[in-house]
Protein chains: 2
Amino acid sequence: MRSTDQIMHKAAWLYYMHGLRQDEVAKQLNISRASIATYLRRAREIGIVNISTSTQLFSDDVLARKLEDALSLETVWIVPEDRLAIDPAAEMPVVAAAVFLELINKGDRIGVAWGRTVYHLADVMPYADLQGVTVVQLCGNLGAPYNYRPDQCTTEIGRRLNAEGINLYAPLVLSSERLASDLRNEPVIREQLASIADCQLVLYSVGGIESDSHLVRCGALTPEEMQALGEGGAGGVIAGQVIDHEGRWLDCPHNRRCISADLEIIKTIPKRMMVVEEDSKFQPLVAAIKGGFVSHLVVTHSMAMRLLARWEAEGPQRS
Amino acid sequence: MRSTDQIMHKAAWLYYMHGLRQDEVAKQLNISRASIATYLRRAREIGIVNISTSTQLFSDDVLARKLEDALSLETVWIVPEDRLAIDPAAEMPVVAAAVFLELINKGDRIGVAWGRTVYHLADVMPYADLQGVTVVQLCGNLGAPYNYRPDQCTTEIGRRLNAEGINLYAPLVLSSERLASDLRNEPVIREQLASIADCQLVLYSVGGIESDSHLVRCGALTPEEMQALGEGGAGGVIAGQVIDHEGRWLDCPHNRRCISADLEIIKTIPKRMMVVEEDSKFQPLVAAIKGGFVSHLVVTHSMAMRLLARWEAEGPQRS
DNA sequence: ATAGGTCTTTGACTTTTGTCAGCGTTCGTG
DNA sequence: CACGAACGCTGACAAAAGTCAAAGACCTAT
């Protein structure tokens, strides 16, 4: 521990735990108050000092309760689109990050998937000093048409949480099923994929199956392939893999060429947190919920309304 | 949820999560900034906003490492007596409370014993919003020569943590062994005592066996009885029960008349946190450690030195 | 040894936050 | 229905915290 870290810890302790004023802390430690202010800011940034707010505000809502009952979900958080936020679009990741942090227990192993949403979340994730937490990458890597790759998501979240980040050093999609199968059986990879079963929590969003969806933009699939999948019954994308409208793994060339977490294993993880930003992902979200991929859900108010209407109208059984 | 609570939550969210200034929050919510300040203070007091500081400062110390190794403890926190604190005597409970909070996981069941130390700790325990935590009372109740009874400790800690507090509605000591035995077998009591085995964490201090010790002052034992116990091999007191110098339950009239947690069960609890304030409790602490009652220890610097010297000189085997 | 870089520290200044008396509103009670 | 108590809100002032340029410390490579 560097001596400056030591001072930072002491300052943080005296200020936040003892409730001293900055000038009092300064006097105690014999340095100027300006320095104390700097140390305190750093302590907050690094996560030595943790300021967290209950996300109850977003969960405490009749609509949330109704959704939980209707869709058999553990907890639902609803983000209002109207007032309350400076930038309504930026609110969702902030809420999701806070919820995510609240769901983590010390010592947990956490699976993190990939996508625009997950990256946004990582981007606003508060710094914290969680002990013994491990963040594992759920799906293989992919080149970067945007500036965020799967491993970067894992790494960034791990960094902010002061947790260990475990990356999956394999491509998300391979050119042949044979190669994918062989790679999955490589001890290193197989072991890591199997270890996903030990997770207590997973974080993901669901992907759409439009021709401009994430998988297509990243080059994992051509627009034509995606369209064919759509016609072949694809309903959404979870951790890089295509599911049908009932949330079942779709037996298609893409999926067979994919290196990613086993969807059946994912379903057995106790807390499955899904975040959906875009209203356009309604159908994929329905598929994911039906498939049992969701236990904790963060959605917009309008999405919540649509989900509830859908379930009340048709029930969970019909597609 | 009251409407004012709703506002408080919103204010806390905008201020702490979005980092808005108080006047910006005030503008958003259309109330005066002064009110915002009030709401924020309440939110902190109630535990909606949680500000916690890592206790690493006290654990990050060569002496602490040495003690852990020598005494086979999980973690040791050392409270310096000299500088750093406004009031050195008040530092110990504050550190202990922070450590305690850090050891708690969501959903935990926590056993809390009784004593001056535990009460001090409860007194400075920060407010927090832990979910699903249960605080159970480890030992029976006793009249109040001081103004804190066992059940008050449990209740207060539970209140501050927003946790459920479960009290043990039985006296700590009864006048006859027969009655104690019968009472222990009462379904309500037996069930509760058995449920202590489900705890993930216990908090206690160790009592001395002097004639002015806690048990004596509370009237549970006469000075003469205590002296007799001392001559009969008593080494300390854990959760109201007397242990010998090796940390074994002492087969004595007092213990047989006692309604309290089974010491053998306590030893099986994963995290056993002991806090010792007074330097005079050296011998009892040694007994408690030998008995396996301690996995996490908070002590003063001088006590740490004495413990280390004792272990280096004689090893754990000799008394 | 010293020049050049980075990282700390500080004092002075600005901005933000805490506080409190007084006013208004609501709600329970006689 | 009127009264008082309790609570919430506000404006104005006092206190505390944030910021920044400049000075100083410290390291390193020539």
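In what follows, chains are A, B, ... by sequence order, proteins preceding strands, each numbered from 1. Bear in mind the structure is a predicted one, so any value in this text is a computation, not a measurement. Because only heavy atoms are used, hydrogens play no part in the values below, and waters and symmetry mates are left out as well, while side chains stay in.
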Asker: Should the pair Lys27(A)-Glu24(A) be classified as a salt bridge under the 4.0 Å nitrogen-to-oxygen rule?
Answerer: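 The answer is no: the pair does not qualify as a salt bridge.
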
Asker: Would you kindly give the CE-to-P distance between Met8(A) and dT8(C), to the nearest whole Å?
Answerer: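 Atom CE in Met8(A) sits about 10 Å away from atom P in dT8(C).
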
Asker: What is the distance from CZ of Arg41(B) to P of dA15(D), rounded to the nearest Å?
Answerer: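 Interatomic distance, CZ of Arg41(B) to P of dA15(D): 17 Å.
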
Asker: When you match Leu40(A) and Tyr39(B) each to their closest nucleotide on DNA chain D, which lands nearer the 5' end?
Answerer: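 Of the two residues, Tyr39(B) wins.
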
Asker: Quickly work out the Asp23(B) CG to dC13(D) P distance and round it to whole Å.
Answerer: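 Distance check: Asp23(B) CG to dC13(D) P gives 18 Å.
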
Asker: Can you tell me if Tyr39(B) and Arg44(B) form a side-chain donor-acceptor pair at under 3.5 Å?
Answerer: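 No.
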
Asker: Can you find a side chain N or O atom of Ser35(A) that sits less than 4.0 Å from OP1 or OP2 on dT10(C)?
Answerer: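 Checking dT10(C) against Ser35(A), a side-chain N or O does come within under 4.0 Å of OP1 or OP2.
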
Asker: Could you work out which one of dA17(D), dT9(C), dT19(C) sits closest to the side chain of Gln22(A)?
Answerer: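 Nucleotide nearest to Gln22(A)'s side chain: dA17(D).
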
Asker: What is the distance, rounded to the nearest whole Å, between atom CD of Glu45(B) and atom C1' of dG18(C)?
Answerer: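 Distance, rounded to whole Å: 13 Å.
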
Asker: Start with the C-alpha distance between Trp13(A) and Phe58(B), add both sets of side-chain angles, then the distance that settles ring pair (Phe, Tyr, Trp, His ring centres under 6.0 Å), and finish with yes or no.
Answerer: CA-CA 10 Å; Trp13(A) 180 262; Phe58(B) 297 95; 4.7 Å; yes

Asker: Could you give the CZ-to-C1' distance, from Arg33(B) to dC13(D), as a whole number of Å?
Answerer: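 After rounding, the gap between these two atoms is 11 Å.
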
Asker: According to side-chain hydrogen bond (donor to acceptor under 3.5 Å, both in side chains), does anything in residues 95-112 of chain A pair up with another residue at least two apart or in another chain? List the pairs.
Answerer: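 Sorted result for residues 95-112 of chain A: Thr55(A)-Glu102(A), Arg109(A)-Ser195(A).
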
Asker: Using atom OH of Tyr15(A) as one end and atom P of dG18(D) as the other, report the distance to the nearest whole Å.
Answerer: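 About 6 Å, once rounded to whole Å.
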
Asker: Can Arg116(B) and Glu278(B) be counted as an ion pair, charged N to O under 4.0 angstrom?
Answerer: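 So Arg116(B) pairs with Glu278(B) through a salt bridge.
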
Asker: Determine: side-chain N/O of Arg44(B) to OP1/OP2 of dG18(C), distance under 4.0 Å, yes or no.
Answerer: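 Indeed, a polar side-chain atom of Arg44(B) lies that close.
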
Asker: Within this structure, what is the CZ-to-C1' distance between Arg42(A) and dG18(D), rounded to whole angstrom?
Answerer: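 So the CZ-C1' distance, Arg42(A) to dG18(D), works out to 15 Å.
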
Asker: Roughly how many Å is it from CD in Glu24(B) to C1' in dT15(C), rounded to a whole number?
Answerer: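 Spelled out: CD on Glu24(B) to C1' on dT15(C) is 12 Å.
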
Asker: Using a heavy-atom cut-off of 4.0 Å across all strands, would you classify Ile36(A) as base, sugar-phosphate, or nothing?
Answerer: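 Here Ile36(A) touches no strand at all.
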
Asker: Do Arg65(B) and Ser59(B) have side-chain N/O donor and acceptor atoms under 3.5 Å apart?
Answerer: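 Yes, because at least one side-chain N or O of Arg65(B) sits under 3.5 Å from a partner of the opposite role on Ser59(B).
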
Asker: I want to verify a distance call: between dA17(D), dA12(D), dG11(C), whose nearest atom is closest to the Arg21(A) side chain?
Answerer: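 Closest of the options to the side chain of Arg21(A): dA17(D).
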
Asker: Using five base pairs at each end to define the local axes, how bent is the helix from dA1(C)-dT30(D) to dG30(C)-dC1(D), to the nearest 10°?
Answerer: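 Here the helix ends are tilted 30° relative to one another.
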
Asker: Side chain of Ser32(B): nearest nucleotide among dT10(C), dT19(C), dG11(D)?
Answerer: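 Output: dG11(D).
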
Asker: For the atom pair CG (Leu20(B)) and OH (Tyr15(B)), what is the distance rounded to the nearest 0.5 Å?
Answerer: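 Leu20(B) CG to Tyr15(B) OH: 10.0 Å, rounded to 0.5 Å.
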
